[in-house]
Structure formats: C-alpha cells, structure tokens
Protein chains: 2
Amino acid sequence: MSGKKASKREKVSTASRDAGAHPATAFSERLAPLLDLAAEQFAEHGFEGASYNAMIERVGLSKGVAYHHFRDKADLFRAVVSRAIEPLPSAIGDWNDVETADAFWSQTEQMVERAMGAMAGNARTAALLRMAARSPGAMAEAFGAYEPAFTAPLIHALENGRRVGAVRDDLPVELLAACSIGLGSALDRWLAQHGADLGPRRMRTLATQSLSLFEQMLAPPQATRSRSRSKK
Amino acid sequence: MSGKKASKREKVSTASRDAGAHPATAFSERLAPLLDLAAEQFAEHGFEGASYNAMIERVGLSKGVAYHHFRDKADLFRAVVSRAIEPLPSAIGDWNDVETADAFWSQTEQMVERAMGAMAGNARTAALLRMAARSPGAMAEAFGAYEPAFTAPLIHALENGRRVGAVRDDLPVELLAACSIGLGSALDRWLAQHGADLGPRRMRTLATQSLSLFEQMLAPPQATRSRSRSKK
DNA sequence: GACGAGCTAGACCATCGGTCTAGACTACCA
DNA sequence: TGGTAGTCTAGACCGATGGTCTAGCTCGTC
C-alpha cells in the first residue's frame, strides 16, 4: 500500500520494444534467464509473493539493469505472460463457421485438441496456468491486451453454434462464454491435481469424456430431458 | 520471500480461542473493528496487497496488541474467513436423501435459494467472495479446515443424485463436484460484474434459468441428445 | 510485599519494490 | 585530440512492509 512518489519518471520498458528491430539481441539473451525464473517464481508464489529483488540477484543482474529493461515488477509479469500467450492463437487456429450441430462439436473438439497439444509439455504455458490460478488480479491486468483475441472468437463460435442449434439461446452469449471458461478452468485444475494418481490411459479417457460436460451445459434446454420447475 | 527467523516463537492466536469460555469479551469487541477493516481491505487488495501495518494503525491498536491476538497476517485472514463462513452450513441445511430426480432438483433449488438468502446483503460473505477471487491461494489455505463441511455434503448429494438417475455416473463424483463449484464461481462472478447493467427482474430470471446449466451439465449422457464422436 | 502471568506500546530489524546518482563506454563533432 | 551527449550499468539509498522483542504496567496469588 505504498504511495507512489510524485517524481516518478515515465519510463518505457525496453523489453517491450520490438526485438526484431535490433540486429543484436544481446539484451534479449541476457533477459531470458530472468524471464524463465520469473515464470517459475510467479507460478509458485504468485505476483505479490514472488520477490523481484531475489530474482534479480539470482540471475546475476544489477537492479539498475533490471529496472532499465522492465519498468517495474508488473511489467516483468506482463512480459512473462506475453511470451507464453503469443503462440497460442495461431496454434489453435481460427473458427470456421459450420452448418450443423455435429460439425460444430467436431470442430470444437479439434480446436480443444490443438490447444491441448500447444500446451502439453510446454513449461511456459504450464507456468501461465499456475500464474493465473495464483494471481487472478495480476493476470487479468496482464491479459487485458490479449483477452479480445480469445474471448471474441469464443463468442463468435457460440453464436455460430446457436444458429445451427448446438448452443442454447435462452441465456446471454457472454454469460455462456464466462461459464465455459469457468468450467474449463475448474476441469484443468482438477485434472492437474489428480493427474498423478490416475494413469495416462484414465486421464485420456476423462479428458475426452469431459467434453460432454460442455456439450450438455451449452445444449438448448429443449434438447434435454424436461422437468417442471418446482414452485415452493 | 523473507526468511523466517530461527528463533520464532510458537504462538497461539488468542482470537482463535473459544470466546465463549471467557465471561468478558472485551478483547473481542476491540478486535471487531480490525476484523471488519481486514475483510474490507483483503477483499479490495487481496491478501498480500493489504497492509497489516496500515490496518493496525487505522483502528488505533498497537502492533504489540495486534500480534498478541493474531499470530500473523495469515491468522487474521483466517479469522475473517472463519467469521464469514461459520453461519453458512446451518443456514443452507443438511441434504435429505430423495427417491426421484424431480425431488433431487427440487431440494437442490431450495438449498441454493437458502444459500443465496444467507449471503444476500451480508457484507461479510460479500467480502468473502471477493477475497476468494483476489487471493485463491490464501483462501485455499484458510478454507482448508472448512472444506470438508462443504465438499462432503455436495459429494453426498451428487451420489444420491446418481442413485435416482439425476446425476451422471460416467465421471468421478469428485470431478463433478469440482466442476459444479467452478461453474458456480464463474456464474457468480459474471452476475456480480454485470448485475448493475441488468435490472433486478432480468437478474432474477437469469439466476433461475442458470440452474439449468448445472442440471444439464450433470445429467446422464443418455438423457441428452446423443452425438457420435468424430474421429479425426 | 514479592513474584509470576498476562497484556501492552512501540522501538527495532531484515526484506521488499522502486528511485537515483555516479561512472563507464561509445559515437559524433569541431 | 578534446569536449559533449546519449546510453547503459552498478549499487547506494529510501520509505513501507511483516514480524520480533524488550520494557513496563496491571492484576492475582501466596
């Protein structure tokens, strides 16, 4: 809860510059160990709990260098998030509008598989998930610039699903998107927690079957067993 | 990331003692302002972001008193959580086993309404939700002692639902419990964010309709429209 | 009255995130 | 060659943080 000094300089983070514009990437190479360690520390301790001072010391940089390249701790967090997120949209691919409910779920499954493929065995995205779980506030701020790249396509797909009768239209599409993300997160967490107890075979089966949770949740109510609402 | 001193005393938090054992509750009265402020600050800034020093100063206690009554900051957090959670299980009531799917969902709806009633207009539980959203790690630790009181009844109810055909049995019941909680959290967050834009009438309608998200997600797959899984 | 237990205030401490200054290095210009 | 400006760097410095500890006060017991 420290007050900010009135004389704080307006500082542009050098790590946020387009590295491609520089023929020499020496500073990028020197910063990679810091980014790697930051991902690990933020994942383990959360944004606030991870010590920037300790990280700086551990990778052998000076505070002057660190604060020259990253404006502040949040800027470092953003850089870590950015590095992990950037490859994902292209790996998942774009949604192609479909004409039937079957095609809707078929394409959904393929995209989910591509997303899981892009994330499997990737230390950066594994850390990203843990960072998000530990520091939702910091992640929301860091993720802000990327959110349109994820949420808009999801909403677009849900709207396509509505047109072909795969997705319910009795609730706002934004609510459905939020619930899908919430359900997905809960599922990821559970599978991550219990993955070691289950064998790879069982994990694979559960991951496949779990798609039906989304399918059923999102299905139009008429397509499911109807039950009269009890009036108490 | 500060190292703990080796000579740290093993200290029992006085605020955690059974206050009913003391005829005089003077210390409880003096601590209430601190607990109230803590709830507010933790909800707004999260566990790490809220300053214990600033809180202590603001309610006019000395550090000696504060650390005498609460072992550390986490202990204060636990006390705030404890105070908010304690009345909930009895307000929600116990699950009574049912014989039909209709009765299952009827009782579920009643319990959900009782839970929402217990939480409505209650500053403590409102803060609790925000604390959970902001500091999932700290909340998981503080909530640990209470988790059995919430999760076990949910699992028990889901198992009853399985026996009467209301709940699927193709996925582990623990997974279903986690997904229900995750979906509920996502829904709460969305409604809290967008409640101001919607009128009370629309909110009421959405809250009612949203129950069908759970119902459909949890329903046995045979009860829903079947689709052959696409093999890519 | 002496002693011990409990309670209290606030000085003290190491660590934190962030600021700032002095110095080194390089390139450019007269 | 010397002077100047810009960039980069190390690390001293600073206020705020969570937590520790000491001295002193009060009360109850013997």
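Since this is a predicted model, take the numbers as computed values, not measurements. Just so we're on the same page: letters track the sequence lines, and every chain starts at 1.
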Inset, instruction - Please answer whether the main-chain N or O of A:Ala132 pairs with a side-chain N or O of A:Ser135 as donor and acceptor at a distance below 3.5 Å. - result: no
Legend entry - Check: B:Asn53 side chain, D:dG18 base, donor-acceptor under 3.5 Å: yes
Legend entry - Interatomic distance where CZ belongs to B:Phe70 and P belongs to D:dT20 [whole Å]: 16 Å
Inset, instruction - Specify the separation, in whole Å, of atom CG of B:Leu31 and atom P of C:dT8. - result: 9 Å
Legend entry - Considering all heavy atoms, the nearest A:His45-A:Arg134 contact: C-CD, 3.8 Å
Inset, instruction - State whether B:His69 places a side-chain N or O below 4.0 Å from either non-bridging phosphate oxygen (OP1 or OP2) of C:dC7. - result: no
Inset, instruction - If the plane angle is over 60° it's perpendicular, under 30° parallel, otherwise tilted; pick one for A:Phe150 and A:Phe143. - result: tilted
Legend entry - B:Lys73 NZ to D:dT20 C1', straight-line distance once rounded to whole Å: 17 Å
Legend entry - Stepwise side chain to side chain contact (heavy atoms under 4.5 Å, CB included) check, A:Ser180 with A:Leu183: CA-CA 5 Å; A:Ser180 299; A:Leu183 177 56; 5.9 Å; no
Inset, instruction - Indicate yes or no: does B:Asp197 engage B:Arg202 in a salt bridge with an N to O separation below 4.0 Å. - result: no
Inset, instruction - Report, as yes or no, whether the 6.0 Å neighbourhood of atom CD on B:Glu159 holds more than 12 heavy atoms from other residues, nucleotides or ligands. - result: yes
Legend entry - B:Ser51 backbone acceptor or donor facing B:Lys73 side chain under 3.5 Å: no
Legend entry - Presence of A:His68 side-chain N/O under 4.0 Å of D:dC8 phosphate oxygens OP1/OP2: yes
Inset, instruction - Quantify the bending of the helix from C:dG1-D:dC30 to C:dA30-D:dT1 as the angle between its end axes, each fitted on five pairs, to 10°. - result: 30°
Legend entry - Enclosure of A:Glu40 CD (heavy-atom neighbours >12, cutoff 6.0 Å): yes
Inset, instruction - Considering just the side-chain nitrogens and oxygens of B:Ser51, establish if one lies under 4.0 Å of OP1 or OP2 belonging to D:dA16. - result: no
Legend entry - For A:Met119, all residues meeting side-chain contact (heavy atoms from CB on, under 4.5 Å), sequence neighbours excluded: A:Leu88, A:Thr125, A:Leu129
Inset, instruction - Using whole Å, report how far CG of B:Leu34 lies from P of C:dT8. - result: 13 Å
Legend entry - Integer-rounded Å distance: D:dT17 C1' and B:Glu48 CD: 11 Å
Inset, instruction - Could you tell me the separation between the OH atom of A:Tyr52 and the P atom of C:dT19, rounded to a whole number of Å? - result: 11 Å
Legend entry - Atom-pair distance (CG on A:Leu76; P on C:dC16), nearest Å: 15 Å
Contact list (N/O, under 3.5 angstrom) for nucleotides 10-13 of chain D vs protein:
| unit_1 | atom_1 | unit_2 | atom_2 | d |
| --- | --- | --- | --- | --- |
| D:dA10 | OP2 | A:Ser62 | OG | 2.2 |
| D:dA10 | O5' | A:Ser62 | OG | 3.4 |
| D:dG11 | O6 | A:Gly64 | N | 3.2 |

Legend entry - Listed nucleotide nearest any side-chain atom of A:Ala54, set D:dG19, C:dC16, C:dG17: C:dC16
Legend entry - Separation of C:dT8 P from B:Ile56 CD1 (nearest whole Å): 13 Å
